[in-house]
Amino acid sequence: MGKAMNLKKAVAYIVLSLLSFLCLFFFYCLIINATRSHPEIAKGFSFLPGKSFGPNLYNVLHNKNLPVVHGIVNSLFVASASAALSVYVSALTAYAIHAYDFKFRNAVYLFIILIMMIPTQVTTLGFLSLIGKMGLMDSFVPLILPSMAAPVVFYFMVSYFQSNLPLEIVESARIDGSNEFFTFNYIVIPIIKPALAVQGIFAFVASWNNYFVPSLVLKSNTKKTLPILIAQLRSADFLKFDMGQVYMLITIAVVPVAIIYLCLSKFIIGGVTAGSVKG
Amino acid sequence: MVREKKAKARKKISYSKWGYIFLIPFFATYLVFSFIPLVSTFYNSMFENYRSGLTQIGPNFVGFENYISIFQSDLLKYLGNTVILWIIGFIPQIFFSLILAVWFADFRMKLRGSTFFKTIIYLPNVIMAASFAMLFFALFSDDGPMNNLMIRMGLIDSPIRYLTTVWGTRGLVGFMNFMMWFGNTTILLMAAILGVDSALFEAAAIDGAKSIEIFTKITMPTIKPIFIYVLITSLIGGLQMFDVPQVLTNAKGTPDRTSMTLIMFLNNHLYSKNYGMAGALSVILFIITAALSLVVFFILTGAGKQKGESK
C-alpha cells in the first residue's frame, strides 16, 4: 500500500512538473526573445536573455506604423471602465434578487441564468447595425456600456450574497433610517469588496483580451486596442518586421495581466469555482 | 401594536419596489445591447443585403433564401473544422483535468505545492488569446525558435513547416486551446470531487477498492452533472472559437480553409457587410447554442434545487 502510494505520488509530481514546465516554457521564450535584438533572434534559439530590452521597448513604443501607446491607453481605459460598471451593476442586480421579495423575483433569476450562455457573437450583426444607427461606430461607448448586463458576474454575486450577506444587516440599516440606495452603496458594497475585486479582475481581463467585437467597432488608428494591434502585426508582412518588437508587443499585452494574476491567484482560483456549479 | 402593524404593512409594500428599481440598469442594458440586436439579427437574416463592388444590393425581403444559400456554401465544412479543432483540444484537456483533479482532491496523497501547481496551470487562461496565437506563430514559424531548438537537439533534420500542413495548423490550435483551458477545467472538477462526501471514499478504501474502481464507481457518477456542465460549456466555447485560428492563420483559415471556424466565417460576412448571410449564420449559431444552453440551465438550477433539499 505504502509503496504503491509513493509510486503514484512520484508519477503525479512528474506529470504536474511537465505540465507546469509546458505552461511556463512559452512565456519564458517570449520574455527571453523580448530582450534580444532582431539579428540575435534570427541567429537562433537561446535560453539566456539578451541586452536589448530597452531598445526593443523604445522601438515598439515609437513605431510609426503601430500606435502602441494609444493601444495601451485605450485598452486600459476600456477594460477599467467595463470592469467597474460590470461589477457594480451586477452586484446591484444580485442584491435586488437577494434582498427583496417581489413577484417576479424567481422568474428574473431564472431568466438571467437562461441567457448566461448565449454568446455575444450571435447578436453582433444586430449590435453593429444598432450602434451604426446610434452614431456610436468607432467609439468606446459600445465596448463599455454593454458590460453592465453581465449574467456570469451576476450569478457569482448571487451565490456570494447567499453565503456572506445576512439580511439582518440590511434590516438594522433600515431601522437606523438608511434609505435603500444608501444601504447598498455604503453598507453592502464594503461587505462584498473581496467578491468585487475578484470579479473585477475577471471582467478586466476579459475586456483587455477581447478581440472580436472591438475589431469590428473600432476603425481609426488612434482608437484601436492592443488585441487589434497584435492581429495587425500578424497581417503585416512578417519578414520585414523587427522580431524584437513583435515579442515586445506581445509581452506588453500579456505580462501586466500575468503579474496581476500571480499576485492575486489565491482569490482568483477560489473565484473560478464559486462562479459556476456549486459542488 | 396597531402602529407597529401599520409600519410592517408599509414596509412590505415600499421595499419590494426597490427590487424592481435595482434591476433597471441590467435590463435596460440587456434590452438595448442584446435583445434588440438579437431581434434585428433574426430580421436581417430574411433580407438580401450585400455589396457587390461599389453597388449596394438590397435590402430586399427574400424569406429563407439566405438560409438555403448558406447551407449550400461551405457552412458544414466550417462546422466540421470547428468541431475538429475543439475535439483536438478537448480530449487532452479532459484527460489531464480529470487526473489532476483526482490527485489534488485526494487527501491521502498529500501532494505538496498543489497551490503552486494550480496557479501555474491556470496562468495560460488569463493570457490574451490573440497574443498567444501571435506568440505561437512566431515560435513555430519555419525558421523560428522551436524548429531551431529541435534541429539543435537532433530531433529533426529540417524545419517542420507547421502552418502549411492541415494537421500541423489544427494541432497547434488544439494545443493552444488545451493549454488555455485545462487549468480551469481541473479546478472546476476538483471542486466537484471535494464536494463529494469523503466518507464514501473512505468506505471504499477500507473495502479494498482500487483507485480505478473508486474513480469509475464513485467519483464519476457523483460528479456527473458537473462533468456534463464542463463538457457543454466547453463545447459552447469551442463553437465560439475565433481569436486563436484567426490570428494564427491571418484570418484565412489556411491551408485551404481547413482551419476556418464558424465565427471566422461570420466575421468575414460582417466585415464585407454581407448582412443577409451573416444574419442567417448568426441565427443558426444562436439555435445551436441556445439548445446547448438549456442543458447547462437545467444542470445549474437542478444543482441548486438539490442543495436546497439537503438543507
Side-chain angles (χ1 to χ4, degrees), chain A residues 8-9 12 16 19-20 23-24 26 29-30 44-45 89 92-93 95-96 100-102 105 108 110 113-114 117-119 121-130 145-146 148-149 180 205 209 211-212 216 227 230-231 233-235 246 250 253-254 257-258 261 265 269 272-273 276-279, chain B residues 15-16 18-19 22-23 25-26 29-30 33-34 36-38 40-41 44 103 109 111 117-124 126-128 130-131 134-135 138-139 145 148-149 184 187-188 191-192 194-195 226 229 236 240 242-243 247 250 263 270 278-279 282 285-286 289 293 296-297 300 303 307:
Chain A
K8 202 173 146 191
K9 266 174 95 164
L16 280 170
L19 286 171
S20 303
C23 290
L24 293 175
F26 296 108
C29 292
L30 169 65
F45 186 81
V89 174
L92 187 70
T93 314
Y95 182 70
Y100 300 99
D101 208 359
F102 53 92
R105 175 179 166 174
V108 168
L110 291 178
I113 294 179
L114 190 63
M117 302 308 303
I118 302 292
Q121 285 93 330
V122 303
T123 56
T124 302
L125 166 62
F127 180 78
L128 290 175
S129 65
L130 179 78
L145 284 188
M148 290 200 290
E180 297 302 298
V205 170
N209 294 346
Y211 171 51
F212 184 71
L216 290 162
I230 295 221
L233 207 57
R234 172 67 180 89
S235 53
V246 171
I250 301 173
V254 161
V257 176
Y261 162 74
S265 60
I269 287 178
V272 174
T273 45
S276 65
V277 193
K278 284 165 271 180
Chain B
Y15 287 132
S16 66
W18 284 96
F22 286 177
L23 288 176
F26 183 100
T29 309
Y30 184 77
F33 291 112
S34 292
I36 294 174
L38 181 65
S40 144
T41 301
N44 268 290
W103 285 343
M109 271 179 84
L111 279 183
F117 286 124
K118 274 182 249 168
T119 306
I120 298 300
I121 62 172
Y122 189 79
L123 176 66
V126 299
I127 298 308
M128 184 188 292
S131 63
M134 187 62 204
L135 174 63
L139 293 178
N148 186 276
L149 184 67
N184 184 288
I187 290 161
L188 286 177
L194 287 174
I226 291 152
Y229 169 85
I236 295 174
Q240 295 170 48
F242 174 70
D243 298 21
V247 173
N250 195 15
I263 300 292
L270 286 174
S282 301
L285 276 166
F286 172 80
T289 44
S293 294
V296 174
F297 174 76
L300 286 177
K307 229 189 171 186

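Model, not experiment: these values are computed from the prediction. We name chains A, B, ... by the order of the sequence lines, and we start the count at 1 in each one.
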Side chain, backbone, both or neither: which part of B/Val247 has a non-hydrogen atom closer than 4.5 Å to chain A?
both
At their closest point, which heavy atom of A/Phe102 faces which heavy atom of B/Gly19, and how far apart are they?
CE2-CA, 3.8 Å
Honestly, the part of A/Ile113 sitting under 4.5 Å from a heavy atom of chain B is both
How long is the span from the CD1 atom in B/Ile121 to the CD1 atom in A/Ile269, to the nearest 0.5 Å?
8.0 Å
Stepwise, does the side chain to side chain contact (heavy atoms under 4.5 Å, CB included) test hold for A/Leu16 with B/Ile120?
CA-CA 10 Å; A/Leu16 280 170; B/Ile120 298 300; over 6 Å; no
So how far is it from B/Ser293 OG to A/Leu114 CG, rounded to the nearest 0.5 Å?
7.5 Å
Contacting region of A/Leu130 [heavy-atom separation from chain B under 4.5 Å]:
side chain
B/Pro145 and A/Phe45 have their tightest heavy-atom pair at CB-CD1, 3.4 Å
Kindly determine whether A/Val108 and B/Leu23 satisfy side chain to side chain contact (heavy atoms under 4.5 Å, CB included), including the steps that lead there.
CA-CA 9 Å; A/Val108 168; B/Leu23 288 176; 3.9 Å; yes
On a heavy-atom basis, the closest approach of B/Lys118 and A/Tyr261 is O-OH, 4.1 Å
For the atom pair OG1 (B/Thr41) and CD (A/Gln121), what is the distance rounded to the nearest 0.5 Å?
12.0 Å
Would you compute the distance between atom CE of A/Met117 and atom CZ of B/Phe297 and round it to the nearest 0.5 angstrom?
13.0 Å
In terms of heavy-atom pairs under 4.5 Å, which option from A/Glu180, A/Lys8, A/Lys9 contacts chain B the most?
A/Glu180
Can you tell me which of A/Pro119, A/Ser265, A/Ala258 forms the most heavy-atom pairs within a distance under 4.5 Å of chain B?
A/Pro119
For B/Pro124 and A/Cys23, the nearest pair of non-hydrogen atoms, with its separation, is CG-SG, 3.8 Å
Identify the heavy atoms of A/Phe127 and B/Pro37 that sit nearest to each other, and give their distance.
N-CB, 3.3 Å
Residue B/Leu285 versus chain A: region with a heavy atom under 4.5 Å:
both
If one checks every heavy atom of B/Thr119 against chain A at 4.5 Å, the contacting part turns out to be both
Would a distance-only check, ignoring hydrogens and angles, find a side-chain to backbone donor-acceptor pair under 3.5 Å from A/Arg234 to B/Met134?
no
At what distance, to the nearest 0.5 angstrom, does CG of B/Asn44 lie from CG of A/Leu125?
4.5 Å
Options B/Leu194, B/Ile236, B/Asn148, ranked by heavy-atom pairs under 4.5 Å with chain A, top entry
B/Asn148
Once you measure the plane-to-plane angle for B/Phe242 and A/Tyr211, does it fall in the parallel (<30°), tilted (30-60°) or perpendicular (>60°) bin?
parallel
Part of B/Asn250 lying under 4.5 Å from any heavy atom of chain A
both
Look at B/Leu111, B/Ile127, B/Thr289 and state which one has the largest set of heavy-atom pairs under 4.5 Å with chain A.
B/Ile127
Please determine, among A/Leu19, A/Thr124, A/Leu145, A/Leu216, the option with the most heavy-atom pairs under 4.5 Å with chain B.
A/Leu19
To the nearest 0.5 Å, atom CZ of A/Phe26 lies from atom CG of B/Leu139 at 7.0 Å
Of all heavy-atom pairs between A/Ser129 and B/Ser40, which one has the smallest distance, and what is that distance?
OG-OG, 3.6 Å
